[in-house]
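Structure first, then comments.
By convention in this document, chain letters (A, B, ...) are assigned in the order of the sequence lines, proteins followed by strands, and residues within each chain are numbered from 1.
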2 protein chains.
Amino acid sequence: MPPTPPEKQSTFPSVWTRPRPTREHPALSRDHIVAEALRLLDEEGIDALSMRRLGTRLNAGATSLYRHVANKDELIELAVDEIYGEIEAPVHPDPANWRTDMAGCAHSLRTTILRHPWLASVLGEMGMSYLGPNWMRASEATLNVLTTAGFPTDEADRALSTVVAYVTGMATSEAAWLNVLARSGQDERTMVEHLWPAAEEAAQEYPLLREGYAEQRGTDPRAAREEGFQYGLDRVLDGLETRLK
Amino acid sequence: MPPTPPEKQSTFPSVWTRPRPTREHPALSRDHIVAEALRLLDEEGIDALSMRRLGTRLNAGATSLYRHVANKDELIELAVDEIYGEIEAPVHPDPANWRTDMAGCAHSLRTTILRHPWLASVLGEMGMSYLGPNWMRASEATLNVLTTAGFPTDEADRALSTVVAYVTGMATSEAAWLNVLARSGQDERTMVEHLWPAAEEAAQEYPLLREGYAEQRGTDPRAAREEGFQYGLDRVLDGLETRLK
DNA sequence: CCCGGATGCGAACACCGTACGCTGGCCGCG
DNA sequence: CGCGGCCAGCGTACGGTGTTCGCATCCGGG
């Protein structure tokens with residue numbers, strides 16, 4: 001009888017089966033951990049992220065992670081700022097085109113959130129880790145768009161907050177919907193169709209809501225989301241434009 | 001030696017110590033459960049809400065709650081819509097004053113969220129339970145403000161979404177900050193003062209951010225939040241106003 | 001070569017949400 | 001009045017969670 005293969009037999013107390021303790025390829029590191037956490041989050045959502053699952057995915061024990069990360073919360077904060085690294089903002093903004101520049105930042109933030117819908121689940125518990133390097137970089141760049149457009153520095157701050165609040169508010173509710181969608185495993189179109197009776201039932205006594213629902217019936221929900229976001233963004237930018245006289 | 005008091009000795013197998021099974025005052029009901037859950041949430045935040053703790057607070061076993069509520073998630077959804085009942089919206093809006101009416105709705109939504117900061121933690125996981133009766137009532141009333149102001153029905157929907165997105169986005173980040181604050185137990189003023197060095201350190205390479213920070217230094221943070229919200233709200237309403245020509 | 005700090009990890013603790021089956025009181029029907 | 005069924009409440013149990021602690025082992029530097 002051949003000996004059992006030496007793979008993963010470390011619990012069997014024999015010198016011969018003891019695994020060669022050569023470091024697995026790259027060992028464990030904070031960046032490695034965050035990267036794998038992101039992969040897990042994107043694939044299966046926030047509920048799937050547990051220290052144990054993350055550990056096994058890294059061929060490591062759950063508690064080993066604590067050598068590189070203080071908390072699960074800290075881990076998530078790191079992951080979030082990593083995501084913020086995807087936000088694009090113009091380096092040399094054009095004062096004449098500040099609206100399109102700002103619109104670009106806003107769309108970039110929105111698509112970033114929608115690309116990682118689990119973000120919405122944690123935004124409310126962290127503010128948005130305003131001190132992470134990637135968030136600060138994006139903020140500075142967007143602030144630059146506003147100041148070169150002519151906003152005084154203190155007002156540029158508030159204008160940025162306004163846009164960010166609108167975008168995160170909108171994207172958060174969209175992402176929550178995407179989360180529900182992902183859990184149901186259905187197509188957005190069919191999911192809406194399935195939900196329709198309940199919505200109409202609930203809106204029975206509310207004529208304005210009912211009318212709004214009825215008008216949306218049959219349209220592509222994804223396109224409607226996109227268009228709704230654009231509408232609100234245009235209004236916010238309109239409102240800011242009035243301040244530049 | 002006197003007998004042990006008959007209170008809560010049901011596990012001791014004696015006829016004499018068995019508690020009189022008279023129904024405690026009101027028994028258990030869904031409304032009762034939701035009300036107590038709200039009390040717990042407001043006092044100690046979202047992390048403190050567990051079925052076991054809620055059960056003991058109601059002098060009941062944890063699993064008894066499941067007779068009246070399907071899930072912890074459903075319980076939270078009920079609690080959230082209960083809170084939405086606090087939102088105020090004018091019943092007979094004045095078309096000439098639609099801006100102040102909308103501003104009132106917006107402020108009411110914001111203060112509602114800030115009064116229950118745990119709301120921010122769950123908004124991202126539920127969209128916002130758009131089908132709850134209280135939310136629908138508030139939506140209908142606010143939609144009424146917009147349509148009587150002159151918005152066509154389909155645009156009123158999008159305008160409402162815009163305002164709601166801005167307010168929830170702003171209030172969410174404020175509430176997250178309040179949550180951090182509550183956990184630290186510190187005063188907002190002193191907490192800001194403590195955080196300052198880290199913020200300035202992090203903003204080292206970002207002149208615009210640094211300048212913005214510097215200008216805020218020493219001001220009352222609560223008033224600044226209030227004023228920042230008002231600024232953005234004014235911009236959003238400005239943007240909507242352009243659509244009424 | 002050896003030692004000390006860094007690193008991984010197994011076991012343990014205190015919780016969590018919830019499925020299941022029992023008990024005992026209540027209500028309506030015979 | 002008696003009784004049978006219904007159902008609220010609950011004890012137990014299962015499989016999971018984040019995190020602490022102490023031990024084993026490895027690696028780099030004197």
task: Evaluate side chain to side chain contact (heavy atoms under 4.5 Å, CB included) for B/Trp118 paired with B/Glu44, printing each intermediate quantity in order.
output: CA-CA 9 Å; B/Trp118 52 269; B/Glu44 307 191 47; over 6 Å; no

task: Would you classify A/Ala62 as touching base, sugar-phosphate or nothing, given that sugar-phosphate means primed atoms plus P, OP1 and OP2, and contacts are heavy atoms under 4.0 Å?
output: nothing

Side-chain-base donor-acceptor pair under 3.5 Å for A/Arg52 and D/dG16: no

- line: Taking C/dT18, C/dG8, D/dT20 as options, the one with an atom nearest any side-chain atom of A/Leu28 is C/dG8

message: Would you say CD of B/Glu43 has more than 12 non-hydrogen atoms from neighbouring residues, nucleotides or ligands within 6.0 angstrom?
response: yes

message: Nearest whole Å is fine: how far is C/dC16 P from B/Leu40 CG?
response: 11 Å

- line: Here the distance between atom P of C/dT7 and atom CG of A/Leu58, to the nearest Å, is 16 Å

query: Got a donor-acceptor pair under 3.5 Å from the side chain of A/Thr63 to the base of C/dG10?
result: yes

query: Over how many whole Å does the gap from A/Asp47 atom CG to C/dT18 atom P extend?
result: 11 Å

- prompt: Taking NE2 from A/His32 and P from C/dT7, how many angstroms apart are they, rounded to a whole number?
  reply: 15 Å

- request: To the nearest 0.5 Å, tell me how far B/Arg39 CZ sits from B/Leu54 CG.
  value: 10.0 Å

- prompt: Does A/Arg217 come within less than 4.0 Å of A/Glu193, counting only side-chain N to carboxylate O?
  reply: yes

- prompt: For B/Arg30 and D/dG9, what is the distance between atoms CZ and P respectively, to the nearest whole Å?
  reply: 14 Å

B/Leu49 CG to C/dC16 P, straight-line distance once rounded to whole Å: 10 Å

- prompt: Which parts of residues 64-71 of chain B get close to DNA chain C, meaning a heavy atom less than 4.0 angstrom away?
  reply: B/Tyr66, B/Arg67, B/Asn71

task: Quickly work out the A/Asn59 CG to C/dG10 C1' distance and round it to whole Å.
output: 17 Å

- request: Report the C-alpha distance between A/Arg110 and A/Met170 in whole Å, list the side-chain angles of each, state the deciding distance to 0.1 Å, and finish with yes or no for side chain to side chain contact (heavy atoms under 4.5 Å, CB included).
  value: CA-CA 8 Å; A/Arg110 170 172 176 263; A/Met170 210 72 166; 5.8 Å; no

statement: Residue pair B/Gly61/A/Asp73 against DNA chain D: nearer the 5' end by closest nucleotide is B/Gly61

- prompt: To the nearest Å, how far apart are A/Leu54 CG and D/dG16 C1'?
  reply: 16 Å

- request: Quick one: do B/Arg222 and B/Glu188 satisfy salt bridge (Lys or Arg N to Asp or Glu O under 4.0 Å)? Show the steps, please.
  value: CA-CA 8 Å; B/Arg222 187 187 143 95; B/Glu188 181 163 9; over 6 Å; no

message: Nearest 0.5 Å, please: how far is OG1 in A/Thr172 from CG in A/Leu114?
response: 9.5 Å

